[in-house]
K.L.:
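This is the structure, below, for whatever I ask next.
Here is how names work: the chains are called A, B, and so on, in the same order as the sequence lines, proteins then strands, and each is numbered from 1.
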Amino acid sequence: MEVVNKSVAMLSNYEVYSLLTDIQAGRGQKKPQKSQQNLATITYEVVQYLENTYCKNLSPEIITAFMKALEPFKLTKAEKLQLLNNRPTAAVEIQLIVEESEERLTEDQIYLLLDIIQKHLPGETRGRME
Amino acid sequence: MFVLCEMKDTVRIAPHTFHKDTNDSIIHALNTKLANKVVHNVGLCIALWDITKLEDSYIFPGDGSHHTVVHFRYVVFRPFMDQILVGKIKSCSKEGVHVWLKFFDNIIIPADSLQHPSRFDEKEQLWAWEYQTEDGKHNLYMDVGEQIRFRVVDEVFVDTTPTGPDGKGAEGSDMSDPEAKKSPYTLIGSISEPGLGLLSWWNS
């Protein structure tokens with residue numbers, strides 16, 4: 001086996017979630033068979049983990065609209081991805097995700113960002129990993 | 001935390017599966033081989049994303065199977081450095097706090113990367129953050145099962161390929177060798193920044 005490119009693209013939690021639920025339901029790829037314990041285990045566990053994040057409420061349209069709304073902030077890809085995956089609800093979380101946020105974002109912009117997240121990304125405040 | 005990894009592999013399809021769709025057989029073979037396994041320096045493989053290219057299939061003398069070089073993309077769990085993740089506390093020990101993510105549990109937050117100042121409570125076997133306020137010190141315990149937000153600061157891959165009979169590690173001491181039990185992929189986390197640590201610390 002040969003690894004051609006270790007990381008072609010980063011995937012959002014939502015993309016992985018929809019792939020794995022598709023596999024579990026037998027859409028696209030076949031359901032894991034009895035002989036494929038490993039695949040069945042990992043899909044089950046990852047879906048369990050992701051179901052407790054808010055990402056199951058997302059849809060491609062929501063994500064597109066959210067990414068458009070983020071454009072003026074000049075964030076990097078990784079930062080946008082983390083905003084999408086983690087759905088921060090407090091300024092301190094934004095400062096964690098955005099590097100050198102003090103220099104790159106004003107305080108008003110941080111609150112604007114939180115508003116955008118609230119508006120675009122649906123979800124009960126935080127019901128993770130119960 | 002998930003990435004797509006482009007790989008290439010030769011897949012052997014045995015004759016007794018020739019009645020099935022070739023693509024399905026290839027997907028089956030790749031998922032059987034890779035799902036829930038750690039590939040050295042790549043990460044924890046989750047599931048096949050898609051097949052990008054199939055090269056010509058070959059049949060070799062003495063084997064009825066056909067061998068096909070497959071180019072494919074696989075979903076891999078590999079958080080990038082400085083990524084923020086949320087997990088649950090699995091256990092606390094002198095070395096630090098162990099965290100798990102339902103499907104991945106080799107995450108450790110070493111003692112020196114906890115909130116400052118933290119101390120280890122020998123009686124409870126838990127770490128506590130000694131948080132200073134005007135009315136004295138508060139012990140914020142890091143209970144097992146609590147949700148914790150942490151930053152990924154390092155990753156360690158250990159090559160767990162077994163050594164051959166003439167290798168160094170084969171002197172019959174393999175069973176007691178601590179190296180033998182090492183996990184192939186470990187993440188090192190940190191919570192020494194504001195906003196990191198138990199979610200309940202920052203909610204109010």
K.L.:
Can you say whether B/N41 sits under 4.5 Å from chain A via the side chain, the backbone, both, or neither, judging by heavy atoms?
P.N.:
both
K.L.:
Which bit of B/V39 comes within less than 4.5 Å of chain A, counting heavy atoms only: side chain, backbone, both or neither?
P.N.:
side chain
K.L.:
For B/T32, is it the side chain, the backbone, both or neither that has a heavy atom under 4.5 Å from a heavy atom of chain A?
P.N.:
both
K.L.:
With a 4.0 Å cut-off on N to O distance, would you call B/E130 and B/R119 a salt bridge?
P.N.:
yes
K.L.:
Check whether B/L196 gets within reach of chain A through its side chain, its backbone, both or neither, counting any heavy atom under 4.5 Å.
P.N.:
both
K.L.:
So which part of B/H28 gets closer than 4.5 Å to some heavy atom of chain A, the side chain, the backbone, both or neither?
P.N.:
both
K.L.:
Less than 4.5 Å to any heavy atom of chain A: does that hold for the side chain of B/L48, its backbone, both, or neither?
P.N.:
both
K.L.:
Side chain, backbone, both or neither: which part of A/A78 has an atom under 4.5 Å from a heavy atom of chain B?
P.N.:
both
K.L.:
Going by an N to O cut-off under 4.0 Å, is there a salt bridge joining A/E93 and B/R149?
P.N.:
yes
K.L.:
Checking A/L39 against chain B: side chain, backbone, both or neither under 4.5 Å from a heavy atom?
P.N.:
both
K.L.:
Can you say whether B/D24 sits under 4.5 Å from chain A via the side chain, the backbone, both, or neither, judging by heavy atoms?
P.N.:
side chain
K.L.:
Need one label for B/Q83: side chain, backbone, both or neither, based on atoms under 4.5 Å from any heavy atom in chain A.
P.N.:
both
K.L.:
When heavy-atom pairs shorter than 4.5 Å are enumerated against chain B, which of A/L81, A/I23, A/V46, A/V92 gives the highest number?
P.N.:
A/V46
K.L.:
Pick one of side chain, backbone, both or neither for A/Q37, based on which atoms fall under 4.5 Å of a heavy atom in chain B.
P.N.:
neither
K.L.:
Looking only at heavy atoms, what is the nearest atom pair of B/E155 and B/Y185, with distance?
P.N.:
OE1-OH, 3.5 Å
